[in-house]
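Quick notes on the structure that follows.
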Amino acid sequence: MKHVWYWDSPIGTLGIAENGTGMTDLFLRGRIRTEGFREEKTPLIQDAVSQLREYFGGKRKAFNIPLSLSGTAFQLSDWKALRTIPYGETRSYQQIAEQLGNPKACRAVGMVNNRNPVLIVVPCHRVIGKDGSLTGYGCGLEKKELLLELERRFR
C-alpha cells in the first residue's frame, strides 16, 4: 500500500508518496491519481519533507531519500543518469542520451523525463535544450525556471 502526504512548497503543493521501501512519487498536487493511497505522514515522508525544506532553503544540494521506482530498463537508466547532474548545473537531452550510450535517443530521453515520477529528487528540471533553451517540463516551464534559479542562487 502506498502512503501519501501533501506539503506546501515554494513551487506549489507537493504530494509525496512512498510504499514502505522508498519514495515512489513526488508530484504537484492533482498531477497523479491517488485513489487507494493512504493519507499518512510516515517517517520516510517526514524525512522527505525535511530534505525538501533544506533544498528550498539552499542548504541541501543532494538527496539521500530511498527511492522505489518502477519503469522500463531505459527509464530507470535515464532517471539514474539524471541523478548524476550536479546541483546548479544543467545537461542537454543529447548529453544524457550520450551518457546512456545512445546519442540518437534525445527524444526518448525527453519522453522519459516527462514521466519522471519523483520531481526534484530525480532532477529532470536540470535537462535543457542543446542550444541552452528551457524546453519541456511536466510541471511547466515556469516551475523549471524557478528550480534552476533557486539552484543558481544557492550554488
Side-chain angles (χ1 to χ4, degrees), residues 1-93 95-96 99-100 108-128 134-155:
M1 166 182 279
K2 284 190 182 182
H3 295 86
V4 65
W5 190 257
Y6 296 95
W7 175 66
D8 291 327
S9 82
I11 64 164
T13 302
L14 294 174
I16 305 162
E18 60 99 347
N19 65 3
T21 303
M23 179 188 287
T24 58
D25 304 276
L26 178 59
F27 57 96
L28 282 172
R29 186 177 209 141
R31 301 283 295 182
I32 71 166
R33 298 177 64 131
T34 57
E35 293 85 17
F37 289 29
R38 183 175 183 179
E39 197 165 317
E40 180 181 356
K41 193 174 186 183
T42 65
L44 194 149
I45 289 173
Q46 286 177 315
D47 184 38
V49 168
S50 176
Q51 290 189 41
L52 286 163
R53 273 194 185 109
E54 292 171 356
Y55 169 81
F56 282 110
K59 295 180 171 89
R60 177 169 290 276
K61 310 289 191 242
F63 294 94
N64 60 12
I65 302 164
L67 299 179
S68 184
L69 305 179
S70 297
T72 67
F74 185 76
Q75 287 173 322
L76 294 171
S77 64
D78 176 76
W79 298 331
K80 184 176 180 180
L82 296 181
R83 295 189 78 198
T84 68
I85 304 171
Y87 179 94
E89 294 184 23
T90 58
R91 300 290 182 270
S92 70
Y93 294 95
Q95 288 172 307
I96 298 299
Q99 185 176 341
L100 296 173
V109 165
M111 294 299 288
V112 169
N113 290 2
N114 188 48
R115 290 179 176 80
N116 174 13
V118 284
L119 300 174
I120 303 165
V121 175
V122 174
C124 57
H125 62 278
R126 295 180 188 153
V127 183
I128 60 173
L134 293 187
T135 59
Y137 190 59
C139 297
L141 292 180
E142 177 186 305
K143 304 276 192 232
K144 184 173 191 164
E145 191 168 18
L146 287 170
L147 292 169
L148 291 172
E149 180 54 39
L150 170 94
E151 292 184 11
R152 282 187 210 110
R153 186 172 56 228
F154 291 115
R155 191 165 171 210

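Using a 30° and 60° split on the angle between ring planes, Y87 and Y55 fall in the perpendicular class, above 60°.
In this structure, E40 CD and M1 CE are separated by 9.5 Å, a value rounded to the nearest 0.5 Å. Rounding to the nearest 0.5 angstrom, the gap separating the CD1 atom in I128 from the OG1 atom in T90 is 3.5 Å. Separating the OG atom in S9 from the CH2 atom in W7 is a distance of 5.0 Å, to the nearest 0.5 Å.
A donor-acceptor pair shorter than 3.5 Å can be found between the side chains of T42 and E18. Using a 3.5 Å distance cut-off with no hydrogens or angles, the side chains of T84 and Q99 do pair a donor with an acceptor. Using modelled atom types, one finds no donor on one side chain facing an acceptor on the other under 3.5 Å when comparing T24 with N19.
Minimum interatomic distance between L76 and G71 (heavy atoms only, all atoms of both residues): CD1-O, 3.7 Å. For T21 against P66, the heavy-atom pair with the smallest separation is O-CB, 3.9 Å. Looking at every heavy atom in both residues, L148 comes nearest to H125 through CD2-O, 3.4 Å. In this structure, L44 and I65 approach most closely via the heavy-atom pair CD2-CG2, 4.3 Å.
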Please step through side chain to side chain contact (heavy atoms under 4.5 Å, CB included) for the pair C139 and L119, ending with a clear verdict. CA-CA 9 Å; C139 297; L119 300 174; 3.3 Å; yes

Just do the side chain to side chain contact (heavy atoms under 4.5 Å, CB included) check on T72 and Q75 with the steps written out, would you? CA-CA 5 Å; T72 67; Q75 287 173 322; 3.3 Å; yes

Between R91 and E89, is a salt bridge (Lys or Arg N to Asp or Glu O under 4.0 Å) present by the stated rule, with each step listed? CA-CA 7 Å; R91 300 290 182 270; E89 294 184 23; 3.2 Å; yes

Starting from the C-alpha separation in whole Å, work towards a yes-or-no answer on side chain to side chain contact (heavy atoms under 4.5 Å, CB included) for I96 and I85. CA-CA 9 Å; I96 298 299; I85 304 171; 3.9 Å; yes

Under the side chain to side chain contact (heavy atoms under 4.5 Å, CB included) criterion, do Y6 and T34 qualify, and how do the steps go? CA-CA 11 Å; Y6 296 95; T34 57; 3.4 Å; yes

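Residues L26 and L52 form a side-chain contact, since some pair of their non-hydrogen atoms from C-beta on lies under 4.5 Å apart. Looking at heavy atoms from C-beta onward, F74 lies in side-chain contact with V109 at the 4.5 angstrom threshold. For the pair V4 and I16, the minimum side-chain heavy-atom distance is 4.5 Å or more. Residues L147 and Y137 form a side-chain contact, since some pair of their non-hydrogen atoms from C-beta on lies under 4.5 Å apart. Residues F56 and L150 have side chains in contact (heavy-atom distance under 4.5 Å, counting atoms from C-beta outward). Residues F37 and H3 fail the side-chain proximity criterion, which asks for heavy atoms closer than 4.5 Å. Within the 4.5 Å cutoff, the side chain of L28 has heavy atoms near those of the K143 side chain. Looking only at side-chain heavy atoms (C-beta outward), I120 and I11 come within less than 4.5 Å of each other.
Judged by distance alone, the side chain of N116 and the main-chain N or O of V122 form a donor-acceptor pair under 3.5 Å. Distance alone, capped at 3.5 Å, is enough to place a donor-acceptor pair between the S77 side chain and the A73 backbone. The backbone N or O of W79 sits nowhere less than 3.5 Å from a side-chain atom of R83 that would complete a donor-acceptor pair. Listed for the K144 side chain is a donor-acceptor partner under 3.5 Å among the backbone atoms of T135.
The local environment of CZ in R153 is crowded, with over 12 non-hydrogen atoms from other residues, nucleotides or ligands closer than 6.0 Å. Other residues, nucleotides and ligands contribute at most 12 non-hydrogen atoms within 6.0 Å of the CD atom of E142.
The salt bridge (charged side-chain N to carboxylate O under 4.0 Å, His left out) with E151 is formed by just one residue from the set K61, R126, R60; it is R126.
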